[in-house]
2 protein chains.
Amino acid sequence: MAKVCADSICKIELLRALSPEVRDCLLSRARTRDVKRGETLSWQGDRAETLKIVTRGWVKLFRVSEEGHEAVVNTLGHGQSFDEVPALLGGESAVSAEAITDATVLMLNLSDICSCTNARAELSQAVLSAAQIHMNSMTNQIEGLKIKTATQRLGEFLLQQSGEHDGLRSFVLPFGKVVLAGMLGMKPESLSRAFSRLKDVGVCSAGGRVEINDPATLRDWMLQQSIR
Amino acid sequence: MAKVCADSICKIELLRALSPEVRDCLLSRARTRDVKRGETLSWQGDRAETLKIVTRGWVKLFRVSEEGHEAVVNTLGHGQSFDEVPALLGGESAVSAEAITDATVLMLNLSDICSCTNARAELSQAVLSAAQIHMNSMTNQIEGLKIKTATQRLGEFLLQQSGEHDGLRSFVLPFGKVVLAGMLGMKPESLSRAFSRLKDVGVCSAGGRVEINDPATLRDWMLQQSIR
DNA sequence: TGTTGGATTTGAGCTAGATCAAAACTGTGA
DNA sequence: TCACAGTTTTGATCTAGCTCAAATCCAACA
């Protein structure tokens, strides 16, 4: 049985949407898995037995093409989940998942749903919300890849990070730059050059720490790119 | 009240998943909208009042960046739907929608759900299925944009089209090449050049008609690209 | 404290795809 | 049948981002 800090659970949106009964029922059957950086959690095409929630560290979702190239589809941190829909409907995972830092993942089996009243309805609702969030994020990504430059995508990512750190102008990148490059759809060398281009608009990057002197300047600069 | 050919409805997966009662109830309150090519159906950011199903012609989902560039996020043909999740949960549309051929759209209001037993549960299920399909397609797109060449993406699209035409080696493109270019994340000029590159592997394109001499050859060629 | 393997940066080309411009084609209505 | 407007193709350049190679940097660990 899962032993998860109650405090930690409160921060997981997907679980907060459930009634205490259903939540406890699910958690009582849940498993947690601790993994080291580099370990694979699940494979694309495998039957998704469980809904996974990252409770510590970071996980990347990715695909590998027949030619052996890797595309990072998303990176998930604390409280974020994946495989929600296939776990509920019974389908296969669309992506593989690997820990990019040491991490802990909570795995919920939705198929043997408890007998609580409304369990199914509550779960559907929660999973739909999660799907909506994922679809928005994917739509943003597609938009970025189709009509923005690599440097613009990096700028956007940094502003978003800054936002998640309560608007702090200085923060630490949550994972390495190789993964970040993959996430933004470029090579590590290009990411390095994108960072140096942003130096001119007051973005300093030293080690994993990034400092945005003036978010407004950065935002303006990004808009002026490719006006036409 | 909607007047929709029953025969046509049978081909719409989302509706087929519903019980006759719930389906009829929804359809009795539905509206259809006929639009000319170029007309806008809905705007990104607007509250999604209805779930939309394309019953005739083609519709593109797209976003326009602050700089005025357009990113086509998806193209939908007969029986395909959009805005499912926000229509059910009550949220805003993530994209704008425009007819790219003369088209008809069926609009279902999910908020005033009928009193049929299970209406809500059935709808959740159906919408979840639709979301799963959309997420898979978006994941494919992201993978393609990140690690495939423009020509590879075109080849993939053509094979998929051929598949939807019962594996026929000759078929007509469902919409113009400007839209197709946007959908594949490139400029019309590049699309034209991608087509001419595929001539060497037996893909003929004349007017809107495409002929794939040998799908296997095309598939092989795509794999040999960028092996490394 | 030195070593080692990975991560990151820098440098020097190269190329896919964009841009800009013009020509060729297509359908549509007068 | 002709002319017009939109679509598609072709040609000539330009450039962002990739590739290949080497130099640094860095943290873990003996």
Side-chain angles (χ1 to χ4, degrees), chain A residues 36-38 58 60 65 67-72 98 100-102 144-155 172-200 203-210 221-222 225-228, chain B residues 36-38 58 60 65 67-71 100-102 144-155 172-200 203-210 221-222 225-228:
Chain A
K36 294 243 175 69
R37 179 174 123 109
W58 288 82
K60 78 173 172 195
S65 68
E67 297 107 51
H69 289 174
E70 178 185 289
V72 178
E98 179 188 310
I100 50 180
T101 66
D102 291 356
L145 290 165
K146 283 186 177 172
I147 58 180
K148 301 198 171 149
T149 68
T151 311
Q152 277 177 303
R153 296 198 295 275
L154 172 59
V172 174
L173 291 175
F175 40 79
K177 293 188 175 176
V178 172
V179 177
L180 179 54
M183 177 70 203
L184 296 175
M186 64 184 110
K187 298 289 153 182
E189 298 95 316
S190 297
L191 176 61
S192 183
R193 284 168 176 131
F195 264 115
S196 72
R197 226 163 283 156
L198 288 184
K199 281 215 182 82
D200 303 336
V203 175
C204 307
S205 143
R209 175 161 288 279
V210 173
W221 177 85
M222 292 203 296
Q225 293 312 99
S226 68
I227 284 189
R228 175 155 330 289
Chain B
K36 293 244 175 66
R37 179 173 122 109
W58 288 83
K60 79 173 171 194
S65 67
E67 297 107 50
H69 289 176
E70 176 186 291
I100 51 180
T101 66
D102 291 356
L145 291 164
K146 284 186 177 170
I147 58 179
K148 301 198 169 152
T149 67
T151 311
Q152 277 177 303
R153 296 199 294 276
L154 172 59
V172 173
L173 292 175
F175 39 79
K177 293 188 175 177
V178 172
V179 177
L180 179 56
M183 176 71 204
L184 297 175
M186 64 183 111
K187 299 288 154 183
E189 298 95 316
S190 297
L191 176 62
S192 184
R193 285 169 174 129
F195 264 115
S196 72
R197 226 163 284 156
L198 287 185
K199 281 217 182 82
D200 303 337
V203 175
C204 307
S205 142
R209 175 161 286 279
V210 173
W221 178 84
M222 291 202 296
Q225 292 313 97
S226 68
I227 284 189
R228 179 156 328 290

Discussion item. One character per nucleotide, please: for nucleotides 4-9 of chain C, 5' to 3', B when the base has a protein heavy atom closer than 4.0 Å, S when only the sugar-phosphate does, - otherwise.
Written reply: ---SSS
Item to complete: Could you tell me the separation between the NZ atom of A:Lys187 and the P atom of D:dA21, rounded to a whole number of Å?
Response: 16 Å
Response to the item:
Rounded to the nearest 0.5 angstrom, the CD-CE distance for A:Gln152 and A:Met222 is 7.0 Å
Could you tabulate the donor-acceptor pairs under 3.5 Å formed by side-chain atoms of residues 173-198 of chain A, not counting sequence neighbours?
residue: A:Lys177; atom: NZ; partner: A:Ser205; partner atom: OG; Å: 3.1
residue: A:Ser196; atom: OG; partner: A:Arg193; partner atom: O; Å: 2.9
residue: A:Arg197; atom: NH1; partner: A:Thr151; partner atom: OG1; Å: 3.1

Worksheet item: In whole angstrom, what separates A:Met186's CE from D:dG17's P?
Response: 8 Å
Practice prompt. Work out which heavy atom in B:Val172 is nearest to a heavy atom in B:Arg209; give both atom names and the distance.
Written response: CG2-NH2, 3.4 Å
Considering only nitrogen or oxygen atoms on both sides, find all protein atoms under 3.5 Å from nucleotides 12-16 of chain D and state each distance.
residue: D:dA12; atom: N6; partner: B:Arg193; partner atom: NH2; Å: 3.4

Worksheet entry | Distance in angstrom units between B:Arg153 CZ and C:dA16 P, rounded | 13 Å
Worksheet item: How close or far is atom P of D:dG17 from atom NZ of A:Lys148, stated in whole angstroms?
Response: 14 Å
Worksheet entry | Atom-pair distance (NE2 on B:His69; P on C:dG17), nearest Å | 18 Å
Worksheet entry | Distance (rounded to the nearest 0.5 Å) between A:Thr101 OG1 and A:Trp58 CH2 | 8.5 Å
Practice prompt. Please round to the nearest 0.5 Å and tell me the distance separating atom CD of A:Glu67 and atom NZ of B:Lys148.
Written response: 6.5 Å
Worksheet, complete the sentence: Rounded to whole Å, the CG-P distance (B:Leu198 to C:dG17) equals 12 Å
Discussion item. Is it the case that the side chain of A:Asp102 and the backbone of A:Arg37 share a donor-acceptor pair, with hydrogens and angles ignored and the cut-off at 3.5 Å?
Written reply: yes
Practice prompt. Would you mind reading off the distance between B:Leu184 atom CG and D:dT8 atom C1', rounded to a whole angstrom?
Written response: 16 Å
